[in-house]
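Here's the structure we're looking at; comments come further down.
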Amino acid sequence: MADQRAYTTHPLVLRRVTVRRVHEVTPKMRRVVLGGDGLAAFPRDCTAHPAFAAPGFDDHIELILAADGDIRAALPAQLPYGIEWTPSEHRLTRDYTPRRVDLDAGELHLDFVVHGEGPAEAWSASAREGDELWFVGPKSSLRLPERLDWIQLVGDETALPAVGRFLDERPLDAPAHVLVTVSDASARQELALRDGDTVTWVVAEPGDAAALDAAVRALPVPEGEGYVWAAAESRALLPVRRYLQRERKLPKDRLNITGYWHREDSPAPEAENAAGADAQASAVGPVPSPLPWLAVRAAVQLGVVDAVADAPGLTAGALAARLGVPVAGIDVLLPVLAAYDVVVGTDDGASGLRLGTAGEELLDEHEREEYAGHEAELLLALTHLAPALRGGSSPWRLASGATLHETVSGDAERYGELVEECEQLVFLLGGLTADPLWEGVCSCLLTGPGSASVVAALDDAGLRPRLRVAEDATPAAVLRGHVTAPDRVDWTPGPADVAVAAKALAHRTDEEAALLLTRLAGWTGTAVLVEASRPDGLSPHAAEAGLHAYAATGSPLRDSAALAALAGRSGWAVERTVALGWGTEATVLRRA
C-alpha cells in the first residue's frame with residue numbers, strides 16, 4: 001500500500017507562529033508572512049517534534065481560530081506523535097494552502113482571498129506584526145505520477161496559492177496549462193510560466209459552476225499522458241468532475257479534484273472547513289423524515305442518477321424503459337427527487353430530465369456511499385433498534401440474520417469498504433510505530449481491515465518485521481489488493497513476536513471479539529488493539545458515534561475500560577494505552 005498511495009504522510013504537530021508582515025498581492029489577495037520557532041524542530045512535553053514540512057504544492061494546513069477569542073481553549077492536545085481534537089465549543093478551523101515555504105528564512109506565506117467574509121479572512125484583515133497564529137499540518141502531500149506529458153491546473157481564486165506554488169517550484173517537468181476563474185480582472189496575478197505553458201483567465205462570479213464547466217470544456221486536450229488538478233467551490237466542481245471522469249474518462253490516478261470551499265457555508269470564496277460551534281451545533285427543529293433519504297437511495301440503486309447523467313433530456317417514460325422499471329414506479333419517485341434537487345425538469349418540459357445540484361453530487365462515489373454503501377446498510381439496520389435494545393442483540397444481526405463480522409467475512413465488496421475506511425489510520429499510526437514495543441520484534445501478525453494501513457505505517461517508519469496475516473479467505477484476498485508487495489507477506493496465521501489487530505473489533509460482537517483475542521493468545525504473547533475508543537472531537541456527528549457502533553456490534557463504542565474487560569475474558573492484561581489522536585488508541589496487551 002505504501003507505494004500505491006498517491007500521498008506521503010507527515011507527523012501532525014501543533015505549531016505557533018507570529019505575523020512578520022502583511023501586504024496586498026492584488027486588490028483581491030492578501031499575503032500574510034508568518035515565522036517563528038514553531039516552524040523549526042522543537043521539544044514539547046519531553047517529545048522532540050520535527051521541523052515544519054510542506055513539500056507538496058497543494059498541501060493544506062489547518063488554522064485554528066476561536067469564535068470567542070479564547071484561543072487556548074480552542075487548541076487541540078498535542079500527543080507525542082499526533083493530535084487529539086478535544087471538545088471545544090468555540091473552535092473554528094480553516095484549511096489553507098501555503099503559498100511559499102522558506103525554512104532558511106523561517107517563514108511561511110499564506111494568501112487570503114479578500115472578500116470581507118469569514119473568520120480567517122477577518123483575521124488576516126486585522127493581522128499585525130507580532131500577532132500569533134496556531135495551526136496543525138499538513139497531514140499528507142500529494143504524489144504526482146512520475147512520468148507525465150502535461151498537467152492542467154484548474155481552479156478559482158482560492159486555488160491561486162497552489163497554482164502559483166506549483167509554477168514556482170515545478171514538482172513536475174511537463175508543460176502546465178492553467179485555467180483560473182476570478183471575480184474581477186484585478187485578481188489576476190503574475191505567474192511563473194515557462195515555454196509551452198498556457199494560462200486562461202475567466203471572469204466569473206465565485207462558485208459559478210456553468211462558467212467553470214464551459215471554460216474547462218474549452219481547453220484543448222493535449223496528447224500523451226496527462227494529469228488534471230482542480231480546486232474551487234465544491235459544487236462548482238461537480239460538472240467538471242463529470243466531464244473529466246465520464247466524458248474524457250480520465251483514470252483515478254490521473255485526476256485530483258478538491259472542493260476548497262462551500263457556497264452553503266460561506267457566501268464568498270474562502271478555503272475553509274468549519275468545525276467547533278458552527279459544525280457541531282445540534283439541529284434545531286422537528287426530527288427530519290427518512291423518506292427523502294429512502295427515495296434517494298432507491299434512485300442510486302436503480303441507476304436513475306447515472307442514467308440521467310449519461311442521457312440528459314430523457315422523459316420519465318424513456319427513463320423507465322432504460323432502467324427496466326415500470327413507468328408508474330418512476331412517476332412515484334421523481335416528484336420526491338425533484339423536491340430535493342436530485343433531478344429537475346420532471347414536468348415533461350421540452351428539455352426533459354437532467355440532474356440537479358444534489359444529483360450532480362451523487363456522481364461522486366464517496367457521496368453516494370451515504371445511500372448505497374456500508375454506512376447506509378448500518379443505518380437501515382437501526383430500524384430494528386428497539387427490539388435490539390430490548391433483547392441485547394445487535395440491530396445488524398436482527399436485520400440480516402447474521403452478525404456484521406459474519407457478513408463482511410464472506411463479502412469482498414463490504415470488506416473492501418471497511419479497508420478503505422481504515423486508510424485514514426495511516427495518519428495516526430506514528431505513535432504506534434514509535435513505541436518501544438518494536439525493539440527486537442522480528443515478526444508481526446496482522447488482522448483486521450486496518451492491516452494494510454499498518455503495513456504502510458511500518459514501511460514509513462523503516463520497520464521491516466516479517467509479516468503474516470490472520471484473516472479468512474475473502475478478507476485476506478481483499479487485503480492482498482491493498483498491500484504493496486504482497487509476496488513478502490505470509491498469508492497464513494501463525495506464531496509471531498507481536499500481533500496488531502487494526503479495527504478488527506469494530507465489526508465484531510463482544511463474543512466474536514473475545515474469540516479473536518483468544519486465537520491471538522495462541523500465537524503471541526504481545527498484542528496491540530488499534531480501535532476508536534471515543535468520538536472524534538472534530539466530527540459534527542460525535543453524538544451519533546455510540547449508536548453507529550451499537551448498530552454494528554450490539555455494544556456502544558468501546559472505551560478503554562470496555563477493551564480491558566474484553567481482553568481479561570481472553571487471558572490478556574492491559575500493559576498500557578497509547579493515544580494516537582482523533583479518538584483512536586492503541587492498547588498494548590500482554591498475555592496474563
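All residue numbers in this chain count up from 1 along the given sequence.
Between Tyr415 and Asp472, every side-chain heavy-atom pair lies at or beyond the 4.5 Å cut-off. Val305 has its side chain within reach of Val342: a pair of non-hydrogen atoms, C-beta onward, lies under 4.5 Å apart. Gln245 places a side-chain heavy atom less than 4.5 Å from the side chain of Leu255. Looking only at side-chain heavy atoms (C-beta outward), Trp438 and Leu432 come within less than 4.5 Å of each other. Side-chain contact check for Pro449 versus Glu421: every heavy-atom pair is 4.5 Å or farther apart. A heavy-atom distance below 4.5 Å is found between the side chains of Leu389 and Tyr550. Under the 4.5 Å side-chain criterion, counting only non-hydrogen atoms from C-beta, Asp58 is in contact with Tyr260. For the pair Leu319 and Val304, the minimum side-chain heavy-atom distance is below 4.5 Å.
Between the OH atom in Tyr81 and the CG atom in Asp435 there is a gap of 9.0 Å [rounded to 0.5 Å]. Note that the CZ atom of Arg558 and the CZ atom of Arg508 stand 10.0 Å from one another [nearest 0.5 Å]. How far SG of Cys444 is from CG of Leu467: 6.0 Å, rounded to the nearest 0.5 Å. Once rounded to the nearest 0.5 Å, the distance linking CG of Leu563 with CG of Leu589 reads 8.5 Å. Summarising the geometry, atom CZ belonging to Arg480 is positioned 7.0 Å from atom CG belonging to Asp487; distances are rounded to the nearest 0.5 Å. Distance check, rounded to the nearest 0.5 Å: CG of Leu479 to OG of Ser451 gives 5.5 Å.
The number of heavy atoms from other shown groups lying within 6.0 Å of CZ (Arg519) does not exceed 12. The local environment of CD in Glu367 is crowded, with over 12 non-hydrogen atoms from other residues, nucleotides or ligands closer than 6.0 Å. Around CZ of Arg354, the count of heavy atoms belonging to other residues, nucleotides or ligands within 6.0 Å does not exceed 12.
Here the shortest heavy-atom pairing between Ala457 and Val426 reads N-CG2, 4.2 Å. Taking all atoms of both residues into account, the shortest heavy-atom contact from Pro76 to Ile83 is CB-CG2, 3.5 Å. Minimum interatomic distance between Leu428 and Gly581 (heavy atoms only, all atoms of both residues): CD1-O, 3.7 Å. In terms of heavy-atom proximity, Leu425 sits nearest to Gly450 at CD1-CA, 4.1 Å. Nearest heavy-atom pair across Ser140 and Phe427 is CB-CE2, 3.5 Å. Taking each heavy atom of Ala506 and Thr553 in turn, the nearest pair found is O-CG2, 3.3 Å.
Ring pair His374/Trp396 is tilted by interplanar angle, where 30° to 60° counts as tilted. The aromatic rings of His507 and His405 sit tilted relative to each other, their planes meeting at an angle between 30° and 60°.
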- Could you go through the side-chain contact (heavy atoms from CB on, under 4.5 Å) check for Val228 and Ile257 one step at a time? CA-CA 8 Å; Val228 178; Ile257 299 180; 5.9 Å; no
- Working for side-chain contact (heavy atoms from CB on, under 4.5 Å), residues Thr403 and Ser394: CA-CA 8 Å; Thr403 66; Ser394 74; 5.6 Å; no
- Can you check side-chain contact (heavy atoms from CB on, under 4.5 Å) on Arg322 and Ile330, steps first, answer last? CA-CA 11 Å; Arg322 188 182 183 97; Ile330 292 296; over 6 Å; no
- Query: Would Leu334 and Leu353 satisfy side-chain contact (heavy atoms from CB on, under 4.5 Å), going step by step from the backbone distance to the final call?
  - Reply: CA-CA 10 Å; Leu334 287 179; Leu353 297 169; 4.2 Å; yes
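Put simply, the side chain of Ser400 gets close to the backbone of Ala402: a donor and an acceptor are under 3.5 Å apart. Looking only at distances, no side-chain donor or acceptor of Asn256 sits under 3.5 Å from a matching main-chain atom of Trp229. Looking at Thr447, its side chain does come within 3.5 Å of a backbone N or O of Ala470 through a donor-acceptor pair. Put simply, the side chain of Arg590 never gets that close to the backbone of Glu575: no donor and acceptor are under 3.5 Å apart. A donor-acceptor contact shorter than 3.5 Å is absent between the side chain of Ser533 and the backbone of Ser560. Looking at Arg468, its side chain never comes within 3.5 Å of a backbone N or O of Leu445 through a donor-acceptor pair.
Contact check on Arg246 versus Asp310 returns a salt bridge, with a Lys/Arg side-chain nitrogen under 4.0 Å from an Asp/Glu carboxylate oxygen. Taking a cutoff of 4.0 Å between a charged side-chain nitrogen and a carboxylate oxygen, Asp459 and Arg488 qualify as a salt bridge. Under the 4.0 Å criterion applied to side-chain N and carboxylate O atoms, Arg534 and Glu84 are assigned as salt-bridge partners. The residues Glu360 and Arg242 are annotated as salt-bridged, a charged nitrogen and a carboxylate oxygen being separated by less than 4.0 angstrom.
Considering Leu505, Val500, Val454 in turn, Val500 is the only one that fulfils the side chain to side chain contact (heavy atoms under 4.5 Å, CB included) rule with Val530.
In this structure, a donor-acceptor pair under 3.5 Å is absent between the side chains of Thr577 and Glu585.
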